[in-house]
Number of protein chains: 2
Amino acid sequence: MQNTVPARRVEERMKHFQARASELGLAATHQRRIIYRVIAKSAEHPSPELIYERVKREIPTISLATVYKNIKTFAAMGLVGEVGALPGSIRVDANLDRHHHLVCVNCKAVVDFCDSRLDRVRAARANPENFRILRYQVEALGLCPACQVAPARNKVRTQRRKHNG
Amino acid sequence: MQNTVPARRVEERMKHFQARASELGLAATHQRRIIYRVIAKSAEHPSPELIYERVKREIPTISLATVYKNIKTFAAMGLVGEVGALPGSIRVDANLDRHHHLVCVNCKAVVDFCDSRLDRVRAARANPENFRILRYQVEALGLCPACQVAPARNKVRTQRRKHNG
DNA sequence: TGACAAACGATAATATTTATCGTTTAATAG
DNA sequence: CTATTAAACGATAAATATTATCGTTTGTCA
């Protein structure tokens with residue numbers, strides 16, 4: 001898979017990182033710069049473990065906890081996204097009919113969502129990676145009714161939450 | 001959130017379960033029937049832990065491992081789906097532009113996928129759960145080039161795999 | 001009944017993520 | 001320039017999530 005982000009774009013992202021950090025009064029430490037650069041350079045959606053491996057090549061003494069903490073910090077700053085909106089644990093679905101999902105970005109609730117127009121989603125062009133696409137699945141990300149009325153809860157959550165519908 | 005699957009549909013699913021199990025020569029044990037029924041009854045995409053809690057009310061001696069094993073078995077049989085195609089660990093993305101993802105259902109590789117038609121996806125109707133939808137994200141599920149040519153690897157995998165692009 | 005395989009339950013092991021806490025670093029006031 | 005202070009770091013324990021191991025039970029069939 002292609003994992004080469006053009007150097008020019010990496011530098012753009014580094015600039016954005018610096019700007020955003022100073023905006024928020026967040027120290028742009030050596031560790032943070034390296035961690036962010038590793039993420040900015042990879043187009044492969046790396047896991048924390050992989051990021052840790054690569055950062056260690058430049059800062060051998062770095063702690064895995066620092067990597068995790070800063071990934072979360074970057075996500076809260078809006079500097080990186082997390083792929084997929086779903087919670088950390090398996091969720092099972094007995095509904096085998098074609099359907100999509102409403103996902104609450106706050107509490108991670110998942111609700112089935114049947115919609116004929118979403119069933120007809122297709123890409124406009126062949127994908128450049130030569131995947132053989134079997135099906136499309138749409139996630140509608142938003143706020144469930146409970147989280148709409150409790151906006152205070154709608155902030156960054158580090159704690160794990162269990163099986164919440 | 002609504003978590004009541006009509007009794008009629010639950011019974012349909014139980015019939016399907018029995019049929020599929022005998023088709024595959026899989027014993028429809030008491031444990032399996034109860035586990036599957038718990039899943040079939042809930043529209044809330046339960047986690048293994050939650051399924052375990054509920055099954056325990058009927059079979060207090062059941063083991064969590066049995067629940068996990070059978071969830072995996074049911075998934076391999078095509079009796080239940082797992083919500084979301086992504087791997088167990090966090091994946092980070094420095095690309096903040098609007099984009100979608102190609103996901104390999106075999107090796108879980110994730111690749112960014114920009115497509116203008118997917119950007120315009122909208123539901124046809126208001127969603128019945130009154131979510132406030134903020135954005136739509138499309139996952140195109142399929143096989144990456146490597147997994148197309150290595151179909152032998154394309155079977156159920158129980159083992160965890162690490163950071164594979 | 002006896003042999004066999006499938007399934008189960010207990011539990012250890014592994015993987016993933018977060019929390020705790022003492023130390024270091026960096027920014028700033030004096 | 002030094003003292004103060006808060007932020008950040010590193011080490012590590014703890015919590016959570018998932019899978020593997022293994023001995024026992026159960027059901028099937030010769």
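Basis for what follows: all heavy atoms, side chains included, without hydrogens, waters or symmetry-related copies. Note that this is a predicted model, so its numbers are computed, not measured. Every chain is numbered from 1, with letters handed out A, B, ... down the list of sequences.
- Comparing B:Lys69 and A:Lys69 against DNA chain C, the residue whose closest nucleotide sits nearer the 5' end is B:Lys69.
- For A:Ser89, whose side chain is taken as the heavy atoms from C-beta onward, the closest listed nucleotide among C:dG9, C:dT16, D:dT18 is D:dT18.
- Applying the salt bridge (charged side-chain N to carboxylate O under 4.0 Å, His left out) test to residues at least two apart or on different chains, the pairs with a partner in residues 9-21 of chain A are A:Arg8-A:Glu12, A:Glu11-A:Arg37, A:Arg20-A:Glu23.
- At whole-Å resolution of the value, OH in A:Tyr52 and C1' in C:dT16 are 14 Å apart.
- Between C:dC8, D:dG10, D:dT18, one nucleotide has an atom nearer to the side chain of B:Leu64 than all others, and that is D:dT18.
- Closest of all the heavy-atom pairs between B:Pro145 and A:Asn130 is CG-O, 3.7 Å.
- Between A:Lys72 atom NZ and C:dT16 atom C1' the separation is 11 Å, expressed in whole Å.
- Heavy atoms only, all atoms of each residue included: A:Ala94 and B:Ala40 are closest at CB-CA, 3.8 Å.
- With distances taken from any side-chain atom of B:Ser63 to the nucleotides D:dG10, D:dT12, C:dA10, the minimum falls on C:dA10.
- Here the nucleotide nearest the side chain of A:Pro48, chosen from C:dT17, D:dG10, D:dT18, is C:dT17.
- Distance OH (B:Tyr68) to P (C:dC8): 17 Å, rounded to an integer number of Å.
- Under the 30°/60° scheme for interplanar angles, the aromatic rings of B:Phe74 and B:Phe17 are found to stand perpendicular.
- DNA chain D lies under 4.0 Å from at least one heavy atom of each of the following residues of residues 17-27 of chain A: A:Leu26, A:Ala27.
- Atom CG in A:Asn70 sits about 14 Å away from atom C1' in C:dT18, given to the nearest Å.
- In this structure, CZ of A:Arg32 is placed 9 Å from C1' of D:dC9, rounded to the nearest angstrom.
- Look at B:Glu44 and B:Arg54 and you find a salt bridge, because one of the NZ, NE, NH1 or NH2 atoms lies within 4.0 Å of a carboxylate O, short of that distance.
- For the pair B:Arg32 and B:Lys69, the minimum side-chain heavy-atom distance is 4.5 Å or more.
- A straight line from CD1 of A:Ile90 to P of D:dA17 spans 11 Å, rounded to a whole angstrom.
- Side-chain atoms of B:Ala65 lie closest to C:dT11 of the nucleotides C:dT11, C:dT16, D:dA8.
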Show which side-chain atoms of residues 110-123 of chain B pair as donor or acceptor with protein atoms under 3.5 Å away, not counting sequence neighbours.
from, atom 1, to, atom 2, distance (Å)
B:Asp112, OD1, A:His45, NE2, 2.5
B:Asp112, OD1, B:His99, NE2, 3.2
B:Asp112, OD1, B:His101, NE2, 3.3
B:Asp112, OD2, B:Asn95, ND2, 3.0
B:Asp115, OD1, A:Ala124, N, 3.1
B:Asp115, OD1, B:Arg117, N, 2.9
B:Asp115, OD1, B:Leu118, N, 3.2
B:Asp115, OD2, A:Ala124, N, 2.8
B:Asp115, OD2, A:Arg125, N, 3.3
B:Asp119, OD1, B:His100, NE2, 2.9

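- Residue A:Thr29 is in sugar-phosphate contact alone, with no base atom involved, counting any heavy-atom pair closer than 4.0 Å across all strands shown.
- Computed from coordinates, the B:Arg33 CZ to C:dA7 C1' distance equals 13 Å when rounded to whole Å.
- What separates CD of A:Glu49 from P of C:dT18 is a distance of 14 Å, to the nearest Å.
- An OP1 or OP2 oxygen of D:dT26 is reached within less than 4.0 angstrom by no side-chain nitrogen or oxygen of B:Gln31.
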